[in-house]
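Since the structure comes first, as structure tokens, the remarks are kept for the end.
A note on names: the letters A, B, ... follow the listed sequences, proteins ahead of strands, and every chain is numbered from 1. Both backbone and side-chain heavy atoms feed into the values below; hydrogens, waters and symmetry mates do not.
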There are 2 protein chains.
Amino acid sequence: MTERSQGDGTVAKALMVMDDVAGFGRPVRFSELLDRSPYPKATLYRFVQVLTKQGMLHFDPDRQTYAPGLRLVRLAHAAWQTSALAPIARRHIDALSDAVGETVHLAQLDGAQVLYVDKRNARHPIEMFSAAGKVGPAYCTGVGKAMLAFLPNDQLDHAIAQQSFHRFTPQTYTDAAALRAELAAIRERGFAYDREEHEPGIICIAHPILTRAGRVLGAMSVTSTTARENLAGLDRHLPMIRTAAEAIAAEAQDWRFPDAAE
Amino acid sequence: MTERSQGDGTVAKALMVMDDVAGFGRPVRFSELLDRSPYPKATLYRFVQVLTKQGMLHFDPDRQTYAPGLRLVRLAHAAWQTSALAPIARRHIDALSDAVGETVHLAQLDGAQVLYVDKRNARHPIEMFSAAGKVGPAYCTGVGKAMLAFLPNDQLDHAIAQQSFHRFTPQTYTDAAALRAELAAIRERGFAYDREEHEPGIICIAHPILTRAGRVLGAMSVTSTTARENLAGLDRHLPMIRTAAEAIAAEAQDWRFPDAAE
DNA sequence: AATCTAGTTTCATTATGTGAAACTTTGTTT
DNA sequence: AAACAAAGTTTCACATAATGAAACTAGATT
């Protein structure tokens, strides 16, 4: 399932169990968990007990199933609030989505993956946790490429090494060389497109959010469909998305990133 | 800060550190954390290292501060989605908030506290994590009392024992006896009011969400202000909130609570 | 240069986690 | 109803991992 790091401490192991439970996407029985777990029965059992007692897992006695617990939601609330990006970006995203009438995403880089931290959908009013917390591939999404393109070399190498390069559509970049060329173009241009690389019919324009020193804080995108728009059409939104991205960066910087030279 | 349970296992201790970091509500320095922590420097240091390496904490090298990490947001996403209540309730909450034009809350009981898991604000369109994950007192909120009132005796005793009974307003119930009387009235009536018990000027009507067997799944409320409404006015919304609560209960039950006799 | 504070590493000691196996409970088959 | 199987829980000798006092280093401050 996940890559297992051994002897990494008890805490790391317990968190791996959390990931496993979360990975099912539904309440799981102990035995199902055991099948996927590298730990022996008694060990896994103790972990699950401790995590449940701690509120990190919730045990449903009727069904005898475990699911991620409410303590996580409480902690995530703190994470979101404390985050230097999401709370600041909120009103800019509101404004942008109102102005362009399309779906707007805010994402951060979480290791080699894209993690969506906020979203506005012009039509359906709200998405809550169903949107925030979602992860996606970095190499074939607008926000992902926008962030990768402005990473320092060492971090970029590391991130690229971890991409899966699965071909989602005919347009997906499926090797590191092609991706690097695309990233160079993005760096040159200042923003990224998603040309149906992740989902057929879905296109977007994405802009990085950078500190003055050029450190990547996140990215935001405006998404549309090939049925309604083409890339040239999305360019209309460029001034607004750029303004928003810069405004967010400026606020975030003043607030919490006094930007020591790196 | 929090109650400390000793010898409760390494995982529990690590999670306590998480709570402490989250409790600050802002990025914290190691030394600030040390002041509040019962652990010696080296021990706390190791915890913070492990948690950071695991993505449960984020370390800002510029400021040398720790904040809750992105892995939490990812896990909370799973928790929210897997939860038996929030995803099901979503469209009902949408509909209810549209219909009544007031703020609607969805909450669950997390130990002795109320944990808000969703919210619709008629005016301001969205609140994201800023709303979900928030905790509040059970004894002086509509949703809190609506849930407490339908708890089995042993759980109720336990929950009441943990209430702080802080007097937020002149209307706040400040002792267990008064609260128990109010809960009896709520049980009788089938729903709860908040008569400015938590915040002056804020009133609400709240309805529990119960399985057929009477187990408490959560509660939902419609909130207004004394400037616009009074309790009698809120009663107008009763049929709709009751219908919504029952619909949510029915769906949740079919979906994941086949309701073994309790 | 001396002093202070915050952060990091070391290492002998001890507590804690580990997991094979035995056991109990629950549900299914004959 | 008895026999069986599968899932869940407890035990305990053993090994690993956590502990924390103290020593150390890096930056500030005087």
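Atom pair Lys53(A):NZ and dT9(D):C1' shows a separation of 16 Å (rounding to whole Å applied). Residue Glu32(A) contributes atom CD, which lies 16 Å from atom P of dA6(D) at whole-angstrom precision. Nucleotide dT26(C) holds its P atom 18 Å from the CZ atom of Arg63(A), rounded to whole Å. Atom NZ of Lys13(B) is separated from atom C1' of dT19(D) by 8 Å (rounded to the nearest Å). In this structure, Gln49(A) places its CD atom 10 Å from C1' of dG8(D), rounding to the nearest Å. Atom P of nucleotide dA21(D) and atom CG of Leu44(B) are separated by 13 Å, given to the nearest angstrom. Between Leu33(B) atom CG and dA6(C) atom P the separation is 14 Å, expressed in whole Å. In this structure, CZ of Phe30(B) is placed 8 Å from P of dT8(C), rounded to the nearest angstrom.
The side chain of Ser31(B) contributes an N or O atom lying less than 4.0 Å from OP1 or OP2 of dG7(C). Between dG7(C) and Arg29(B), a contact under 4.0 Å exists linking OP1 or OP2 to a side-chain N or O. The side chain of Tyr39(A) places no N or O atom within less than 4.0 Å of a non-bridging phosphate oxygen (OP1 or OP2) of dG19(C).
No hydrogens or angles were tested; on distance alone, nothing pairs the side chain of Lys41(A) with the base of dG19(C) as donor and acceptor under 3.5 Å.
Listed for the Arg187(A) side chain is a donor-acceptor partner under 3.5 Å among the backbone atoms of Ala149(A).
Looking at which nucleotide of DNA chain D each of Thr10(A) and Phe59(A) is closest to, the 5′-most match is held by Phe59(A).
Residue contacts for Gln64(B): at a heavy-atom cut-off of 4.0 Å it reaches the sugar-phosphate backbone alone, with no base atom in range. Residue Thr43(A) is in base contact, counting any heavy-atom pair closer than 4.0 Å across all strands shown. Among the heavy atoms of the strands lying under 4.0 Å from Arg46(B) is at least one base atom, whether or not backbone atoms are also near.
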Applying side-chain contact (heavy atoms from CB on, under 4.5 Å), run through Thr65(B) and Phe30(B) and close with a yes or a no. CA-CA 7 Å; Thr65(B) 55; Phe30(B) 174 74; over 6 Å; no

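Nearest to the side chain of Pro40(B), among dT16(C), dA21(D), dT18(C), sits dA21(D). Comparing dA18(D), dA22(D), dT11(D) against the side chain of Ala42(B) picks out dA22(D) as the nearest. Set against dT8(C), dT10(D), dA17(D), the side chain of Tyr45(B) has dT8(C) as its closest nucleotide.
Two residues are said to be in side-chain contact when any heavy atoms from C-beta on lie closer than 4.5 Å; Ser83(A) and Gln108(A) meet this criterion.
A salt bridge does not link Arg71(B) to Asp110(A): none of the charged side-chain nitrogens sits closer than 4.0 Å to a carboxylate oxygen.
A cation-pi arrangement, defined by a distance under 6.0 Å to the six-membered ring centre and an angle within 45 degrees of its axis, is present between Arg36(A) and Phe24(A).
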